Amino acid sequence: MADIIRVNGLHKRFGEFDAVKQISFAVAEGTTFAFLGPNGAGKSTTIKMLTTLLQPTSGSIEIDGHDPVREPGAVRHSCGIVFQDPSLDDDLTAWENMEFHGVLYGVPRPVRRARISELLEFVELHDRRDSFVKEFSGGMKRRLEIARGLLHHPKIIFLDEPTLGLDPQTRNHMWEYLHKLRASEGITVFFTTHYMEEAERNAERIAVIDHGEIIAAGTSTELKERTGAASLEDAFLQLTGREIRQENADPSARMRMIRGRR
Amino acid sequence: MWRTIYIMWLRELKRFIRSKSRILGSLGQPLLFLLAFGYGFGSVYAAAGRGSYIDFLAPGIIGMSIIFTSIFNGVQVIWDRQFGFLKETLVAPVPRIAIMFGRTLGGATVASFQGLIVLAATMLAGFHPVSWLALPAVYLLMLMTGTLFSAIGVMVGSLMRDFQGFQLVMNFLVMPLFFLSGALFPLNNVPVVMLWIARFDPLSYGVDAMRYLLIGAAQFGLMLDIGVLVLVTAVFLALGSYFFSKIEV
Ligand SMILES: Nc1ncnc2c1ncn2[C@@H]1O[C@H](COP(=O)(O)OP(=O)(O)OP(=O)(O)O)[C@@H](O)[C@H]1O
Ligand SMILES: [Mg+2]
């Protein structure tokens, strides 16, 4: 299948610091691709460059045949994005946040209505559609953002640590739905995570990124074979020379890691 | 383009209508000025043979509420940055200029509503416009003045990363713009320096035009007022759009 994302020698420098170092990879259309790496690896920076929010220092990107630097409009149309940090308007209702997005992305009204209902139904927020977002829990906000990212039928959905703060049940539910969308709409899923289990279970291909470099890429089986490790976790340890959780020195991050493993 | 402007405008409006504290809060200052100055200086003003100070002051106080509300609207850009919503608008496949225009018009509309509320309040305090027929034109002027200062607010909001910076601008830009504009005192007897300062202050022209329509007296004349407002608004819309388009998150 054709590659819908092509990245070549992508580099981002903040002042003196190289956050992303000459990375290259490709994602085939209709597949799920995971960026697995510890805190500060450069995952979010990469996503921001792919989605037109940051200018690369050098290298080339192609999203659905378009260059985010030269044709940001076209790229923005193709992408749905769930950011790592919240990006909802707390003073609007769930429905209004969706409506705002739909209008901004030019989704025609009847389609918009139906799609918003369907998506809110799916993330189980339909009966809370007229509540203000500020009254939502963290997990509810997350679900709303995921629904919003899918609203305009993007070709690619970028999910930056999408399941952070979701309980296991909701997490499974979300992945089930994403896989279903992938089958029915042929959507490509690009997500970042520090949960190895999540990458292994949901992604066809995984790129392990650390200190701004892709140190290995392939299916989880390939990664294990290459390193001769029994689990992806051991493979990661071999590749980076350390355990992923060591990067998460703070207790709350560690908790998340532990919860993510279950 | 239009749908973007519309939805950004609608958002500003919804936020305004829902925030009762903001509506009341931004009424406090103009009313305080109206009472303190209007009644405080009223007798001095009348004794100098100039007629009713409240009548003179009312357009100035309306101008005040408009400049404060519309420039403060720029703070919304900083809020959006801090709460992450700015990203949502910046990754949308729409021209940045449409986002900026929508925000600006939203801010201007909100400011014009404030202007209307203040106008009603000044009438309660004893202000009599010479003609009711002028009110629609006065409203248009409020919108225009609001658009001008909204554009400045959005521009400043795009350049600032935190509220302290914005506070500084409020104090060092908005206060002088207001006090030196002729909103509070007639410009026909002030020292030349002050007159020249007022001539470079766009608020002077907004207030002057409203005064022309509301009490039939003007310093610069309606045509000059409107000409200057249109020109300066165009300049700041362009500048604001430019700086807004340069935002990175
Ligand atoms: N705007 C910026 N200016 C300077 N440095 C930055 C900026 N954004 C990111 N960085 C740095 O780039 C590195 C990569 O950050 P990035 O957010 O991409 O990591 P990440 O892989 O998403 O991590 P996490 O798992 O914590 O989200 C970090 O060291 C970070 O401090
Ligand atoms: Mg990140």
Side-chain angles (χ1 to χ4, degrees), chain A residues 12 14 44-45 47-55 63-64 66 68 71-93 95-109 112 132-134 141 144-145 148-149 151-152 154 157-158 160, chain B residues 1-23 25 72-73 75-103 105-107 110 157-158 161 241-242 244-249:
Chain A
K12 181 68 192 184
F14 292 113
S44 298
T45 305
I47 285 207
K48 283 182 190 160
M49 288 192 283
L50 298 188
T51 56
T52 76
L53 271 178
L54 263 184
Q55 300 274 328
I63 302 288
D64 194 22
H66 301 284
E71 309 157 88
V75 171
R76 288 175 184 139
H77 248 298
S78 310
C79 301
I81 311 162
V82 176
F83 299 101
Q84 183 173 352
D85 317 312
S87 63
L88 296 162
D89 186 340
D90 279 6
D91 292 323
L92 297 181
T93 65
W95 185 279
E96 285 168 341
N97 266 284
M98 297 290 277
E99 177 77 6
F100 181 90
H101 185 92
V103 172
L104 221 48
Y105 281 75
V107 182
R109 181 192 280 245
R112 195 163 76 220
F132 288 108
V133 169
K134 61 181 162 220
K141 288 185 188 174
L144 181 60
E145 288 186 301
R148 186 181 65 178
L151 173 56
H152 57 286
I157 177 111
F158 289 91
D160 199 354
Chain B
M1 178 87 183
W2 292 114
R3 55 161 213 264
T4 307
I5 294 180
Y6 164 73
I7 198 78
M8 292 303 306
W9 172 85
L10 188 66
R11 170 172 179 255
E12 299 292 336
L13 227 63
K14 281 190 171 165
R15 292 179 66 100
F16 170 72
I17 291 166
R18 283 172 190 168
S19 146
K20 306 275 179 296
S21 60
R22 195 172 140 202
I23 302 179
F72 193 73
N73 183 62
V75 140
Q76 187 70 48
V77 179
I78 302 174
W79 278 113
D80 283 357
R81 189 199 287 276
Q82 302 233 327
F83 285 92
F85 191 74
L86 192 64
K87 288 195 292 271
E88 156 76 358
T89 52
L90 291 184
V91 293
V94 293
R96 263 88 269 261
I97 192 169
I99 302 177
M100 191 273 178
F101 271 40
R103 289 194 99 103
L105 292 182
V110 164
S158 323
R161 292 208 155 250
S241 303
Y242 172 76
F244 191 79
S245 72
K246 290 283 162 230
I247 294 187
E248 273 200 348
V249 280

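Quick caveat: nothing in here was measured; it's all calculated off a predicted structure. In what follows, every chain begins at residue 1, and chains take the letters A, B, ... in the order their sequences are listed.
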| When heavy-atom pairs shorter than 4.5 Å are enumerated against chain B, which of A:Gly106, A:Cys79, A:Pro72 gives the highest number? | A:Gly106
| said: Looking only at heavy atoms and a cut-off of under 4.5 Å, which of A:Arg76, A:His152, A:Gln55 has the most pairs with chain B? | reply: A:Arg76
| query | How far apart are the closest heavy atoms of A:Leu104 and B:Val94, and which atoms are they? | reply | O-CG1, 3.3 Å
| query | What are the two closest heavy atoms between B:Gly84 and A:Ser87, and how far apart are they? | reply | O-CB, 3.2 Å
| query | chain B heavy atoms under 4.5 Å from A:Phe132: which part of the residue, side chain, backbone, both or neither? | reply | side chain
| request: Pick one of side chain, backbone, both or neither for B:Thr89, based on which atoms fall under 4.5 Å of a heavy atom in chain A. | output: both
| field | Those residues that, when tested against A:Asp160, pass side chain to side chain contact (heavy atoms under 4.5 Å, CB included) (two or more places apart) | value | A:Ser44, A:Ile47, A:Gln84, A:Thr192
| query | In terms of heavy-atom proximity below 4.5 Å to chain A, should B:Arg81 be classed as side chain, backbone, both, or neither? | reply | neither
| B:Arg18 side chain vs A:Asp91 backbone, donor-acceptor pair below 3.5 Å | yes
| CZ (B:Phe72) with more than 12 external heavy atoms under 6.0 Å | no
| field | Which portion of A:Glu145 sits near chain B, non-hydrogen atoms under 4.5 angstrom | value | neither
| Inter-residue atom distance B:Leu90.CG - A:Thr52.OG1, 0.5 Å rounding | 8.5 Å
| If every non-hydrogen atom of B:Arg3 is compared with every non-hydrogen atom of A:Val103, which pair is closest and at what distance? | NE-O, 2.8 Å
| field | A:Gly73 to B:Pro93 - nearest heavy-atom pair and separation | value | O-CB, 3.7 Å
| query | Can you list the steps and then say if B:Val91 with A:Tyr105 is a side chain to side chain contact (heavy atoms under 4.5 Å, CB included)? | reply | CA-CA 10 Å; B:Val91 293; A:Tyr105 281 75; 3.8 Å; yes
| request: State the CZ-CG distance between B:Phe85 and A:Asn97, to the nearest 0.5 angstrom. | output: 6.0 Å
| note | Interatomic distance, OG1@A:Thr51 vs NZ@B:Lys87, rounded to 0.5 Å, equals 10.5 Å
| So which of A:Asp90, A:Val75, A:Leu92 has the largest heavy-atom pair count under 4.5 angstrom toward chain B? | A:Leu92
| task | To the nearest 0.5 Å, tell me how far B:Ile7 CD1 sits from A:His101 NE2. | result | 12.0 Å
| remark: When the 4.5 angstrom heavy-atom criterion is applied to A:Phe100 and chain B, the contacting part is both
| note | When the 4.5 angstrom heavy-atom criterion is applied to B:Arg15 and chain A, the contacting part is side chain
